[in-house]
Structures are given as structure tokens and as C-alpha cells.
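Residue numbers count from 1 along this sequence.
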Amino acid sequence: MSKLSPNGKKIMGEFLGSAFISFWGLGFVVPFAVLGYVNNMYEFSVWFGIAFAITVIIFAPISGVHVNPGITVAWAIFGDFDKKLIVPYWIAQVLGWGAGVAPFYIIFDKVFSEWAASSGGNPATLFYCNTPADHLLAGAGLEIFLTALLSLGVFVLLDERIPNKPSAAGFPWAIGIIISLLIALGGGFTGTCINTARDLGPRLCGLVYGLIKGYDVSSIFAGGQWLMYIIAPILGAIVGGAFHYGVVVKLLPEPEK
């Protein structure tokens, strides 16, 4: 790792951070959807938020731990993020989120087979998001809104002009709480994707697993759901950044001279 360039270290950190939160966060899908140990979406949201906070603590000093293409774009537009790193970060994020769920297909292969046989579930579709097919427009609107809230939270929590923002040590837990609230709010309808890579990476991994194991993969890229989960979170992140700098910052009182 010491031979990597500074940008190479950032990209590697973004890949590892994405894989880490994918493994720790989406790993709760197994006890939630398959084993039944996690009882409801609210419980899932709490564990996911804690996992996200821990991920930020570990990887923020390396890459800024965007782990989200929308946040990367918003930070490039409204912050000081190097625009040359947008595409490398996107690739690292998608690959990382896919790599994070891959171990579960190996560890729980037999469990998934038994679950599929007994319940008719499809393990290839476990880890990505879904919206009711006849409510895609509403789902897109919800994803834009929820991602805007996430992006706004990130910008507010990191803006030095906000007098009561948390310290650097408190930031991971604050953003983890925001993530938990957003999952609890929209998880039952869209899965609260709020992150293009969070959906696309596991979707690609599920496709590979399904093809290898012979599960039905016809629905994975059918219809427009996957496109909605690519576009809506990126738009939402930009909206959140624009709201912060176009509204919140302008409403702040002038600093005392």
C-alpha cells in the first residue's frame, strides 16, 4: 500500500470503505430476510446506522468515505473534491458494495438454497433494492427526497459556519443517526437506497451468483428500477447540496465583527 500514490490510496480507501459498510450493513439482510432474527425495518435501520458510523471512523481519514456516487458528485460541485477522481471513486464504490455482499453468498450458500426451496425466495435478489413496479415514479421522488436529506446532512455537519455542528469525533455518529432515520422512513417502500453504488454493486453481484447457481436472474435488470436507483440518488445528492449553499448558508446570521 505504501507504493500507492496519494490518489491511489484514496481510491483504495473508498473501495475498502464501500466494501466494509456493504458487509456490515447489508449483512443484516440475512438475519432480517432469511433467518428472521432481525424483526423489523426499524431494528435493521439502527444496526445499519451503527455500522455506517464505524465505517466513517475507520475510513474517513483515508478517502473521505463518500461510499456514494451522489455524495461524490455533490462534493465535486459544491466542495473542493478533485473532479478527476469522480469516475475512479464511482468505480471503487460500485465494486466495493458488490464485494461486500459476495462473502455471504459463499458463507450462506447452503442456507440460501434451503431458504429458496422452502419459501420460494430468490437469493440472487436479496441485497439490492426494490420498489413496487406500479409506483416507480413515487419511488423515484422518495429516493430524490431522502438522498437530498442525506446530502444536506453531510454538508451541514461539515460546514464550519454551523455553530452547533458536532465535533469531528461526533460526526460519524451523527451521520449514522441520519442514515438510520432515513432507512426507517423509506425502507419499507424503496429500500432507502439513497446511494447508486449501494444498489448497483449488490445487483451485479447477485447477477453473477444467480448465473452460477442457476437462479432466475431475469428480473435483476428488467424494467426501469435499476435505472431509477442510479439516477434518483445522484439527483437527490445534488439537490441537497444546492439547498445547503443556496438556502441554509444564506440564512445564517452574519458573523459578529
Where do [X] and [Y] come nearest, in terms of heavy atoms and distance?
| X | Y | result |
| --- | --- | --- |
| Gly17 | Thr55 | O-CG2, 3.5 Å |
| Phe23 | Pro103 | CE1-CB, 4.1 Å |
| Lys10 | Ile62 | CG-O, 3.6 Å |

- Query: Stepwise, does the salt bridge (charged side-chain N to carboxylate O under 4.0 Å, His left out) test hold for Lys213 with Asp109?
  - Reply: CA-CA 9 Å; Lys213 301 295 293 187; Asp109 182 48; 3.2 Å; yes
- Item | Side-chain H-bond candidate by donor/acceptor type, Asp216 with Ser218, under 3.5 Å |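 A donor-acceptor contact under 3.5 Å links the two side chains.
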- Message: Ignoring hydrogens and geometry beyond distance, is a side-chain donor-acceptor pair present between Ser18 and Gln93 at under 3.5 Å?
- Response: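 No.
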Under 3.5 Å donor-acceptor pairs involving side-chain atoms of residues 220-227, not counting sequence neighbours:
from   : atom 1 : to     : atom 2 : distance (Å)
Gln225 : OE1    : Thr131 : N      : 3.1
Gln225 : NE2    : Thr131 : O      : 2.3
Trp226 : NE1    : Phe221 : O      : 3.4

- Take Val56 and Trp173 through the test side-chain contact (heavy atoms from CB on, under 4.5 Å) and record every step on the way to the result. CA-CA 9 Å; Val56 173; Trp173 302 105; over 6 Å; no
Is [X] linked to [Y] within one hydrophobic cluster, defined over Ile, Leu, Val, Met, Phe, Trp and Tyr using a side-chain heavy-atom separation of less than 4.5 Å?
| X | Y | result |
| --- | --- | --- |
| Val101 | Ile230 | no |
| Ile177 | Val65 | no |
| Leu181 | Leu152 | no |
| Tyr37 | Ile107 | yes |
| Val154 | Ile57 | yes |

Should the ring pair [X] and [Y] be called parallel, tilted or perpendicular, given that the plane angle runs from 0 to 90° and is split at 30 and 60?
| X | Y | value |
| --- | --- | --- |
| Phe44 | Phe28 | perpendicular |
| Phe155 | Trp75 | parallel |
| Tyr215 | Tyr209 | parallel |
| Tyr105 | Phe112 | perpendicular |

Could you tell me if the side chain of [Y] sits less than 4.5 Å from the side chain of [X], heavy atoms only?
| X | Y | answer |
| --- | --- | --- |
| Asn195 | Trp97 | yes |
| Arg198 | Cys129 | yes |
| Leu35 | Val111 | yes |
| Phe32 | Met41 | yes |
| Thr196 | Asn68 | no |
| Lys165 | Asp159 | no |

Flag yes if more than 12 heavy atoms outside [X] fall under 6.0 Å of its [atom1] atom; otherwise flag no.
| X | atom1 | value |
| --- | --- | --- |
| Phe171 | CZ | yes |
| Phe243 | CZ | no |
| Trp24 | CH2 | no |

- Task: Please confirm whether the backbone N or O of Ala19 pairs with a side-chain atom of Ser22, one donor and one acceptor, at under 3.5 Å?
- Result: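 Judged by distance alone, no pair lies under 3.5 Å.
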- Test item: Thr147 side-chain N/O and Glu143 main-chain N/O as donor-acceptor pair under 3.5 Å: yes
- Message: Please evaluate residues Tyr128 and Tyr229 with respect to the criterion ring pair (Phe, Tyr, Trp, His ring centres under 6.0 Å), reporting the C-alpha separation (whole Å), side-chain torsions for both, the decisive distance (0.1 Å), and the verdict.
- Response: CA-CA 10 Å; Tyr128 61 83; Tyr229 284 118; 8.4 Å; no
- One should read off an interatomic distance between Ile183 CD1 and Ile178 CD1, to the nearest 0.5 angstrom, of 12.0 Å
- Message: Side-chain heavy atoms under 4.5 Å apart, restricted to Ile/Leu/Val/Met/Phe/Trp/Tyr: what other residues fall into the cluster of Ile106, or is it alone?
- Response: none
- Please confirm whether Tyr89 and Phe81 have ring centers closer than 6.0 angstrom. yes
